[in-house]
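One structure is given here, and the rest of the page talks about it.
Source: prediction; values computed, not measured.
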Amino acid sequence: MTKLSVNINKIATLRNARGGNVPDLLKVAADIQRFGSQGITIHPRPDERHIRYQDARDLKAVVTTEYNIEGNPQHNFIDLVLECKPDQVTLVPDAIGAITSSAGWDTINNQAYLTEVIQEFQRNGIRTSIFVDPVLEIIEGAKKTGTDRIELYTESFAHQYGLGNEKGIEPYTKAAELAIELGLGINAGHDLSLDNVQFFKQNIPGLLEVSIGHALISEALYLGLDNVVNMYLNKLK
């Protein structure tokens with residue numbers, strides 16, 4: 001079964017819209033795990049517009065499943081991850097001020113930088129994953145950095161699937177096959193939803209984990225958080 005890690009950024013966005021502590025991010029994280037999620041993901045950004053750095057610290061005592069922190073490995077982010085020591089850190093090349101992630105790493109031109117950062121995290125017992133597009137040369141470049149896993153950036157698949165083009169999965173299948181051959185673990189995320197996640201899982205060999213936030217929280221507005229978490233779990237069996 002592929003594990004589900006729920007990204008709770010949108011819960012923090014809602015909280016921050018009014019100030020105070022409603023909804024309570026820590027309680028929601030605890031509840032999501034109680035509903036069956038096998039992980040909690042956060043993606044703090046430098047402006048702390050949703051997840052705050054203190055949230056990352058506070059969640060350490062709440063997450064009893066797998067704790068995954070995503071972000072661009074700038075100095076403040078690196079320091080935060082080393083302080084919190086999550087189970088996994090996912091490296092994402094976000095530009096400052098980006099609304100959401102829009103591309104994976106160029107693991108060829110950034111190989112030396114990524115290798116240095118990954119070694120630092122691994123020395124501290126933190127599993128590493130690199131956010132990448134489904135491009136074979138990029139997967140090969142990821143292997144050379146020493147990362148433990150890759151996270152396939154699935155926006156293109158989701159867009160094509162929404163248009164009825166199931167062949168949009170093909171680059172992802174080939175990327176996953178190469179990753180397995182190279183000994184890399186495979187995660188995935190971005191724009192996966194109840195509509196497309198089962199098809200994606202069925203066509204990606206070795207898929208270990210998906211990280212889903214925006215769609216899951218949006219679907220929960222209609223269907224309820226407990227119900228939606230378990231609907232994802234059923235599709236990921």
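- Neither side chain, D79 nor N76, offers a donor N or O lying under 3.5 Å from an acceptor on the other.
- With N196 contributing its side chain and S193 its backbone, the two residues share a donor-acceptor pair below 3.5 Å.
- Listed here is the closest heavy atom pair of I69 and C84: CD1-CB, 4.1 Å.
- In this structure a side-chain-to-backbone donor-acceptor pair under 3.5 Å is missing from N21 to D24.
- At least one side-chain heavy atom of R57 sits less than 4.5 Å from a side-chain heavy atom of E83.
- Closest approach of A103 and D133 over heavy atoms only: C-OD2, 4.2 Å.
- At a threshold of 4.5 Å between side-chain heavy atoms, the hydrophobic network of Ile, Leu, Val, Met, Phe, Trp and Tyr places L194 and L163 in two separate groups.
- The minimum heavy-atom distance between F77 and P44, with the atom names listed, is CE1-CG, 4.3 Å.
- L192 has its side chain within reach of F157: a pair of non-hydrogen atoms, C-beta onward, lies under 4.5 Å apart.
- Listed for the W105 side chain is a donor-acceptor partner under 3.5 Å among the backbone atoms of L91.
- The CD atom of E181 sits 11.0 Å away from the NZ atom of K143 when rounded to the nearest 0.5 Å.
- Here the OG atom belonging to S37 is positioned 11.5 Å from the CG atom belonging to D226, to the nearest 0.5 angstrom.
- Enclosure of atom NZ in K85 by more than 12 non-hydrogen atoms of other residues, nucleotides or ligands within 6.0 angstrom is indicated.
- A heavy-atom distance below 4.5 Å is found between the side chains of Y67 and I42.
- Cluster membership check: M231 shares its hydrophobic cluster with F200, using side-chain heavy-atom separations under 4.5 Å among Ile, Leu, Val, Met, Phe, Trp and Tyr.
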Which atom pairs, donor and acceptor, lie under 3.5 Å between side-chain atoms of residues 203-213 and protein residues at least two apart or in another chain?
unit_1, atom_1, unit_2, atom_2, d
N203, ND2, F199, O, 2.8
E209, OE2, Q88, NE2, 3.2
S211, OG, T41, OG1, 3.4

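- Annotation: side-chain hydrogen bond (donor to acceptor under 3.5 Å, both in side chains) contacts involving residues 170-179, sequence neighbours excluded, are absent.
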Test side-chain contact (heavy atoms from CB on, under 4.5 Å) applied to L178 and E140, step by step: CA-CA 8 Å; L178 177 58; E140 291 171 345; 3.9 Å; yes
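- Distance alone, capped at 3.5 Å, places no donor-acceptor pair between the Q198 side chain and the N234 backbone.
- The aromatic rings of Y153 and F131 are tilted relative to each other, their planes meeting at an angle between 30° and 60°.
- Inter-residue side-chain proximity for R45 and I51 is flagged as unmet; no heavy-atom pair is nearer than 4.5 Å.
- Closest approach of L80 to A56, counting heavy atoms only: CD2-CB, 3.8 Å.
- Between the CZ atom in R34 and the CD1 atom in I32 there is a gap of 10.5 Å [rounded to 0.5 Å].
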Step by step, work out the side-chain hydrogen bond (donor to acceptor under 3.5 Å, both in side chains) result for D106 and Q111. CA-CA 8 Å; D106 179 342; Q111 189 175 123; over 6 Å; no
Starting from the C-alpha separation in whole Å, work towards a yes-or-no answer on side-chain contact (heavy atoms from CB on, under 4.5 Å) for V132 and L152. CA-CA 5 Å; V132 293; L152 294 171; 4.3 Å; yes
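- In the hydrophobic clustering of this structure, V22 does not group with I8; members are Ile, Leu, Val, Met, Phe, Trp, Tyr whose side-chain heavy atoms approach within less than 4.5 Å, directly or through other members.
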Check the pair D47 / R49 against salt bridge (Lys or Arg N to Asp or Glu O under 4.0 Å), numbers first and verdict last. CA-CA 5 Å; D47 60 8; R49 65 179 180 270; 3.1 Å; yes
Could you walk me through whether L14 and K10 pass the side-chain contact (heavy atoms from CB on, under 4.5 Å) test, one step at a time? CA-CA 6 Å; L14 185 59; K10 286 298 182 294; over 6 Å; no
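- Using a 4.5 Å heavy-atom cutoff, the side chains of T107 and T147 are not in contact.
- Formation of a donor-acceptor pair under 3.5 Å by the N124 side chain with backbone atoms of I126 is not found in this model.
- Salt-bridge formation is detected for the pair R123/E120: a Lys NZ or Arg NE/NH1/NH2 atom is positioned less than 4.0 Å from an Asp or Glu carboxylate oxygen.
- The number of heavy-atom neighbours closer than 6.0 Å to NZ of K3, taken from other residues, nucleotides and ligands shown, is 12 or below.
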Given V89 and N68, is the side-chain contact (heavy atoms from CB on, under 4.5 Å) satisfied, shown in steps? CA-CA 6 Å; V89 58; N68 174 45; 5.7 Å; no
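- Heavy-atom contacts from other residues, nucleotides or ligands closer than 6.0 Å to CZ of R18 number 12 or fewer.
- We find that D55 and R15 are joined by a salt bridge, their nearest charged nitrogen and carboxylate oxygen being less than 4.0 Å apart.
- Looking at H214 and N7, their side chains never come closer than 4.5 Å, going by heavy atoms from C-beta outward.
- Across every non-hydrogen atom of A142 and I150, the tightest pair is CB-CG2, 3.8 Å.
- With E66 as the partner, the side chain to side chain donor-acceptor pair (under 3.5 Å) test is satisfied by one option alone out of Q38, Q33, R127: R127.
- The heavy-atom pair separating F121 from L82 by the smallest distance is CD2-CD2, 3.8 Å.
- Looking only at distances, no side-chain donor or acceptor of T90 sits under 3.5 Å from a matching main-chain atom of S129.
- We find the CG-NE2 distance between N9 and H50 to be 4.5 Å, quoted to the nearest 0.5 Å.
- For Q54, the CD atom is densely surrounded, since the number of other residues' heavy atoms within 6.0 Å is greater than 12.
- Other residues, nucleotides and ligands place no more than 12 heavy atoms under 6.0 Å from the NZ atom of K144.
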Evaluate side-chain hydrogen bond (donor to acceptor under 3.5 Å, both in side chains) for N187 paired with E151, printing each intermediate quantity in order. CA-CA 4 Å; N187 298 340; E151 178 171 323; 5.0 Å; no
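- When hydrophobic clusters are built by joining Ile, Leu, Val, Met, Phe, Trp and Tyr residues whose side-chain heavy atoms come closer than 4.5 Å, directly or via intermediates, F35 is grouped together with L4.
- Looking at R149 and T128, their side chains never come closer than 4.5 Å, going by heavy atoms from C-beta outward.
- Residue I217 is tested with V228, V28, I11 for a side-chain contact (heavy atoms from CB on, under 4.5 Å); the sole match is I11.
- With hydrophobic clusters built from ILVMFWY side chains whose heavy atoms lie under 4.5 angstrom apart, I139 shares a cluster with Y113.
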